[in-house]
Amino acid sequence: MPLTISTWNINSVRLRIDLVAKFLKATRPDVLCLQETKCPDDAFPLKPLAKLGYVHVATNGQKGYHGVAVVSRLPFEAVDRRSFCDKQDCRHVAVTFGERAGLKDPATLHNFYVPAGGDEPDAAVNPKFAHKLQFLDEMRSAAGLHAAPGARAILVGDLNVAPLEHDVWSHKQMLKVVSHTPIECEKLGAVRAAGQWVDAMRMHVPATEKLYTWWSYRAADWAASDRGRRLDHVWVSPAIGDRVSAMTVSRAARGWTQPSDHVPVTVKLEI
DNA sequence: ATGGTCGGCAACCGA
């Protein structure tokens, strides 16, 4: 059965709920993972989503900052929320799809929002960068996060690291810029290696080609300068490493009225 | 080399 999953850092789900609806109508994924919802759970805009058939929603939100959610046409068997770095930040939610969704073999979907890390890439002087590194370390060693041998799992989200040379517009100019420093790239690589996760986006676009999911708000003309970064990711466990039949980055969404600075990424899984 | 823009929420913090 085909299962399509999208991930999008929406930068306020309430402000941009019409853009979410526009995307859902156009793309019709089975599941949409959102980050930076900036919305307490009791204020999540459920109605417009239900109207489009997305009646199953797992939120992990807080007032003002961070926040993640899974919005789905298919029902869940279970929902899990984890905290990291002994903080109350809402940066993770996971759901498991199974028989109720029509899946013979269950599949767990993790949705992450990794800390951005501030401006200065020095953990000794910048606590936000230290937090980001610690968060990645905890992801690497988190019990039960990585799929058991043979198990089906997907990990998506705004991981706030662009690990490969062509995940940024200029590798050389980005080496000391938070999101592309060697230590971040190494630590994200260690998370991926710990679960033997397969980079589904790079399965479909060679590492030699530029691939971005984020463009700064500060650029005068984001499309013309095209100084993007691939901060958003889709990983799949080895058991479904060969089941990703399509991958799309919705670059056009960056040009919509009052856009998020991130665009949706969608994969189609044959599971 | 520097500053450039957003959103939440009501003065700045986080990105």
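Lettering of chains follows the sequences in order, A, B, ..., and the numbering in each one begins at 1.
- Atom CH2 of A:W222 is separated from atom C1' of B:dG4 by 18 Å (rounded to the nearest Å).
- The CD1-C1' distance, from A:I17 to B:dG8, rounds to 17 Å in whole Å.
- Across the C1' atoms, B:dG4 and B:dA15 are found 14 Å apart, a figure rounded to whole Å.
- Residue A:Q258 places none of its side-chain N or O atoms closer than 4.0 Å to OP1 or OP2 of B:dC6.
- Residue pairs meeting the ring-ring contact (aromatic ring centres under 6.0 Å, His included) criterion with at least one partner in residues 2-23 of chain A, sequence neighbours excluded, are A:W8-A:F23.
- A:R227 comes within 4.0 angstrom of nothing in the nucleic acid, heavy atoms only.
- Taking atom CD on A:Q35 and atom P on B:dG7, their separation rounds to 17 Å, with Å as the unit.
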Shorter than 3.5 Å, N or O on both sides, protein versus nucleotides 12-15 of chain B: list them out with atom names.
unit_1	atom_1	unit_2	atom_2	d
B:dA15	OP1	A:R91	NH2	3.1
B:dA15	N6	A:R218	NH2	2.9
B:dA15	N1	A:R218	NH2	3.4

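- For the C1' atoms, the distance from B:dA1 to B:dC12 is 26 Å, rounded to whole Å.
- The nearest whole Å value for the distance from the CZ atom in A:R14 to the C1' atom in B:dG8 is 9 Å.
- Nearer the 5' end of DNA chain B, as judged by each residue's closest nucleotide, is the contact made by A:A219, out of A:A219 and A:T37.
- Taking the charged nitrogens against the carboxylate oxygens, A:D226 and A:R254 have no contact shorter than 4.0 Å, which rules out a salt bridge.
- Residues that satisfy the side chain to side chain contact (heavy atoms under 4.5 Å, CB included) test with A:D242, not counting sequence neighbours, are absent from this structure.
- No salt bridge links A:D89 with A:K87; every basic N to acidic carboxylate O contact stays at or beyond 4.0 Å.
- B:dA10 and B:dG14 are spaced 15 Å apart, taking the P atom of each and rounding to whole Å.
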Donor-acceptor pairs under 3.5 Å, side chain of residues 194-202 of chain A to any protein atom, not counting sequence neighbours: which ones?
unit_1	atom_1	unit_2	atom_2	d
A:W197	NE1	A:H146	ND1	2.9
A:D199	OD1	A:M201	N	3.2
A:D199	OD1	A:R202	N	3.1
A:D199	OD1	A:R230	NH1	3.2
A:D199	OD2	A:R230	NH1	3.3
A:D199	OD2	A:R230	NH2	2.9
A:R202	NE	A:D167	OD1	3.3
A:R202	NH1	A:V205	O	3.4
A:R202	NH1	A:P206	O	2.7
A:R202	NH1	A:E209	O	2.8
A:R202	NH2	A:H166	O	3.1
A:R202	NH2	A:D167	OD1	2.8
A:R202	NH2	A:E209	O	3.1

With a cut-off of 3.5 Å and sequence neighbours excluded, list every side-chain donor-acceptor pair involving residues 174-183 of chain A.
unit_1	atom_1	unit_2	atom_2	d
A:S179	OG	A:R229	NH1	3.2
A:H180	ND1	A:A162	O	2.6
A:H180	NE2	A:H171	ND1	2.8
A:T181	OG1	A:E184	OE2	2.5

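- Residue pairs that meet the salt bridge (Lys or Arg N to Asp or Glu O under 4.0 Å) test with at least one member in residues 2-27 of chain A, sequence neighbours left out, do not exist here.
- A:Q62 comes within contact range of no nucleotide atom at all, as no heavy-atom separation falls under 4.0 Å.
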